[in-house]
Amino acid sequence: MEYILDTACIADIRHCNEFYPISGVTTNPSIIAKENRDFWAILKDIRDVIGPDKILFAQTIRKTADGIVEEAKLLNERAGGEFGVKIPIGEEGLKATMALKKLGIKVLMTAIFTPAQALVAARAGADYVAPYVNRLDNISGSGAEVVAEIVETFALYGLPCKVLAASFKNVEQVARCATAGCHCVTLSADILKAVISHPMTDAAVAGFDSDWKSVYGEKTILDL
Ligand code: G3P
């Protein structure tokens with residue numbers, strides 16, 4: 001399972017790109033609006049941090065298929081490297097996806113809440129679908145079960161579309177997606193940090209430190 005960062009905060013992207021094995025960055029209009037500055041400058045700053053090989057996703061705003069295709073083409077031209085366009089599922093979005101496939105532009109069909117939506121998106125040629133895990137959990141659904149069903153359905157029909165699960169609020173949701181065979185998850189920096197944190201790990205490391213210091217003091221291996 002690949003880890004992607006779901007933010008446009010440059011400080012978070014810089015930190016996570018240095019310390020975590022992330023494959024790229026996803027944005028959406030809400031994430032971009034949070035930064036409250038020039039849109040193209042945000043995309044350029046993200047690209048400068050992640051380099052040309054990691055994938056950057058940005059979402060279209062126009063509502064008609066033609067408008068979505070024109071925005072996707074512009075985004076793809078200006079993205080400065082590996083790029084995927086995010087398009088919310090809907091009739092116009094599906095039409096745009098089929099057109100963008102012919103142009104070789106990668107599509108992530110987003111705002112997915114059911115396996116049935118995901119299957120149609122994949123048949124339209126979407127390279128990725130983004131089910132919203134936490135938002136499903138919040139309405140007494142099971143985000144992880146929806147992810148598992150989509151993974152199974154794609155495997156059943158031999159569809160190359162990847163499941164890029166989004167909307168996470170805790171590490172349990174991430175772990176359940178991993179065991180479901182989810183291809184990618186996109187997480188905030190806080191959730192990514194929480195994934196590797198564990199109080200037992202902290203206790204184990206503290207024990208190593210105090211045992212070492214009881215014999216070697218402040219010396220490290222390089223001082224011996
Ligand atoms: O990309 C979609 C994702 O960012 C939604 O997350 O936390 O707004 O449900 P959230």
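Whatever order the structure lists them in is the order used to number ligands and atoms, beginning at 1.
Judged by distance alone, with hydrogens and angles left aside, the side-chain atoms of Arg47 form a donor-acceptor pair with the main-chain N or O of Ala79 at under 3.5 Å.
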Side-chain donor-acceptor pairs under 3.5 Å in residues 136-148, sequence neighbours left out?
from	atom 1	to	atom 2	distance (Å)
Asp137	OD1	Gly143	N	2.7
Asp137	OD2	Gln173	NE2	2.8
Ser142	OG	Glu145	N	3.1

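Residues satisfying the side chain to side chain donor-acceptor pair (under 3.5 Å) test with Glu35, not counting sequence neighbours, are none. In terms of the side chain to side chain donor-acceptor pair (under 3.5 Å) criterion, Tyr3 has no residue partners (sequence neighbours excluded).
The existence of a salt bridge linking Asp48 and Lys44 is confirmed by a sub-4.0 Å separation between a basic side-chain nitrogen and an acidic carboxylate oxygen.
Closest heavy-atom contact between Ile61 and Pro29: CD1-CG, 3.7 Å.
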Table of N or O contacts for ligand 1, cutoff 3.5 Å:
from	atom 1	to	atom 2	distance (Å)
ligand 1	1 (O)	Asn28	ND2	3.4
ligand 1	1 (O)	Lys86	NZ	3.1
ligand 1	4 (O)	Asp6	OD2	2.5
ligand 1	4 (O)	Asn28	ND2	3.3
ligand 1	7 (O)	Lys169	NZ	2.7
ligand 1	8 (O)	Arg135	NH2	2.7
ligand 1	9 (O)	Arg135	NE	2.7
ligand 1	9 (O)	Arg135	NH2	3.4
ligand 1	9 (O)	Ser167	OG	2.8

